[in-house]
A.B. asks: 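Structure incoming, see below.
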Amino acid sequence: MQENRFHLAGYLAARPTLRSLPSGMAVANVRLGQTYRLSRNGLPAEHTNWFSLVFYGDLATLAMELDKGINVYVEGSFDQRPMTDQQGRKRYSYEVTVQKFFRIGRASDEEARTPTEHPSGREALNDETDSSDQTVASVPWAI
């Protein structure tokens, strides 16, 4: 069995940006930073990893409620997408396609006591409509 599941927690670097695909599906993009402390040669240091997050469909609309600096927990799949740079060289973009996310609040925040889950677009649509348009095939670069 093979599984591509990615879990992250960190802070958003900016407000998500929203756009639409030619099919009309909403897409939101944002970067997430994850900072950790380490020690180098006995001196304390910090390192930050940056991750590109992509939200599709209903999740993209929900992601627009997030703001810069918000702490979130994300579940999704790690994807590699080929692209060509300005010099014509083949490069790869790495991103996390979000399937679920939770806003993580501070202990004093009211929302932290009752975390809000934002399920994948497929799960959200199962409650209301047919989810056939929210399949992996509907992701523009999926084969």
Side-chain angles (χ1 to χ4, degrees), residues 1-40 44-143:
M1 180 172 137
Q2 294 181 2
E3 185 172 23
N4 180 358
R5 185 178 294 179
F6 208 73
H7 302 265
L8 288 171
Y11 294 91
L12 298 183
R15 272 188 69 73
T17 57
L18 184 67
R19 62 186 173 88
S20 293
L21 298 176
S23 66
M25 179 184 285
V27 179
N29 297 84
V30 69
R31 291 183 44 91
L32 179 133
Q34 197 179 57
T35 302
Y36 60 93
R37 290 181 174 81
L38 59 127
S39 178
R40 290 195 176 145
E46 285 188 353
H47 179 75
T48 303
N49 290 321
W50 293 98
F51 299 90
S52 296
L53 305 180
V54 181
F55 301 81
Y56 289 99
D58 292 338
L59 280 182
T61 306
L62 290 171
M64 294 310 296
E65 297 173 12
L66 302 174
D67 204 358
K68 178 180 179 175
I70 296 292
N71 192 4
V72 294
Y73 170 80
V74 173
E75 292 181 17
S77 58
F78 191 68
D79 299 305
Q80 171 185 337
R81 194 164 31 128
M83 53 192 254
T84 306
D85 67 12
Q86 293 177 344
Q87 289 78 29
R89 294 178 295 208
K90 192 169 191 174
R91 301 281 186 191
Y92 294 93
S93 170
Y94 299 94
E95 56 195 22
V96 176
T97 301
V98 177
Q99 295 161 347
K100 287 184 182 180
F101 71 96
F102 303 87
R103 181 176 176 196
I104 302 171
R106 294 185 177 93
S108 62
D109 291 347
E110 190 66 32
E111 293 177 15
R113 295 186 190 119
T114 56
T116 305
E117 177 179 351
H118 297 288
S120 69
R122 182 177 300 140
E123 292 171 2
L125 289 174
N126 282 342
D127 294 339
E128 300 170 12
T129 61
D130 178 28
S131 64
S132 60
D133 60 294
Q134 284 288 330
T135 63
V136 174
S138 67
V139 178
W141 42 264
I143 298 176

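Quick caveat, the model's predicted, so the values are computed rather than measured. Position 1 is the first residue of the sequence; numbering continues from there.
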A.B. asks: Which atom pair, heavy atoms only, marks the closest approach of Tyr11 to Gly69?
C.D. replies: CD2-O, 3.2 Å
A.B. asks: For the residue pair Leu12 and Lys68, establish whether any side-chain heavy-atom pair is separated by less than 4.5 Å.
C.D. replies: no
A.B. asks: Would you say that more than 12 heavy atoms from the other residues, nucleotides or ligands in this model lie under 6.0 Å from the CD of Gln87, or not?
C.D. replies: yes
A.B. asks: Taking side-chain contact (heavy atoms from CB on, under 4.5 Å) as the test, write out the residues that go with Ala14, two or more places apart.
C.D. replies: none
A.B. asks: Which heavy-atom pair separates Ser52 from Tyr94 by the least distance, and what is that distance?
C.D. replies: CB-O, 3.9 Å
A.B. asks: Only distances under 3.5 Å count here; give the side-chain donor-acceptor pairs of residues 3-10 to other protein atoms, sequence neighbours excluded, each with its distance to 0.1 Å.
C.D. replies:
{"unit_1": "Glu3", "atom_1": "OE2", "unit_2": "Arg5", "atom_2": "NE", "d": "3.2"}
{"unit_1": "Glu3", "atom_1": "OE2", "unit_2": "Arg5", "atom_2": "NH2", "d": "2.7"}
{"unit_1": "Asn4", "atom_1": "OD1", "unit_2": "Phe78", "atom_2": "N", "d": "3.0"}
{"unit_1": "Asn4", "atom_1": "ND2", "unit_2": "Phe78", "atom_2": "O", "d": "2.7"}
{"unit_1": "His7", "atom_1": "ND1", "unit_2": "Tyr73", "atom_2": "OH", "d": "2.6"}

A.B. asks: Applying side chain to side chain donor-acceptor pair (under 3.5 Å), can you list everything that pairs with Ser77, at least two apart in sequence or on another chain?
C.D. replies: Asp79
A.B. asks: If the condition is ring-ring contact (aromatic ring centres under 6.0 Å, His included), which residues does Tyr36 pass it with, not counting sequence neighbours?
C.D. replies: His47
A.B. asks: Taking all atoms of both residues into account, what is the closest heavy-atom pair of Val72 and Arg103, and its distance?
C.D. replies: CG1-CA, 4.3 Å
A.B. asks: For a quick test of reading the model, state the closest non-hydrogen atom pair linking Arg15 to Asp67 and the distance between them.
C.D. replies: CG-OD1, 3.0 Å
A.B. asks: Less than 4.5 Å apart, any side-chain heavy atom of Phe51 and any of Val74?
C.D. replies: no
A.B. asks: Taking all non-hydrogen atoms of both residues, which atom of Pro16 and which atom of Ala63 are closest, and how far apart?
C.D. replies: CG-O, 3.2 Å
A.B. asks: Measure the CE-CG distance between Met64 and Leu59 for me, rounded to the nearest 0.5 Å.
C.D. replies: 13.5 Å
A.B. asks: Provide the closest heavy-atom pair for Gly76 versus Gln99 in the form atom of the first, atom of the second, distance.
C.D. replies: CA-OE1, 3.7 Å
A.B. asks: Is there a side-chain contact between Tyr56 and Thr97 (heavy atoms, below 4.5 Å)?
C.D. replies: yes
A.B. asks: Could you pull out all residues at least two apart from Pro82 that satisfy side-chain contact (heavy atoms from CB on, under 4.5 Å)?
C.D. replies: Lys90, Tyr92
A.B. asks: Roughly how far, to the nearest 0.5 Å, is CD1 of Ile70 from CZ of Phe101?
C.D. replies: 11.0 Å
A.B. asks: Holding to side chain to side chain donor-acceptor pair (under 3.5 Å), I want the full list of residues that pass it with Asp85, two or more places apart in sequence or in another chain.
C.D. replies: Arg89, Arg91
A.B. asks: Does Arg37 have any salt bridge (charged side-chain N to carboxylate O under 4.0 Å, His left out) partners at least two apart in sequence or in another chain, and if so, which?
C.D. replies: Glu46
A.B. asks: Could you pull out all residues at least two apart from Thr48 that satisfy side chain to side chain donor-acceptor pair (under 3.5 Å)?
C.D. replies: Thr35
A.B. asks: For Arg19, check side chain to side chain donor-acceptor pair (under 3.5 Å) against everything at least two apart and list the hits.
C.D. replies: none
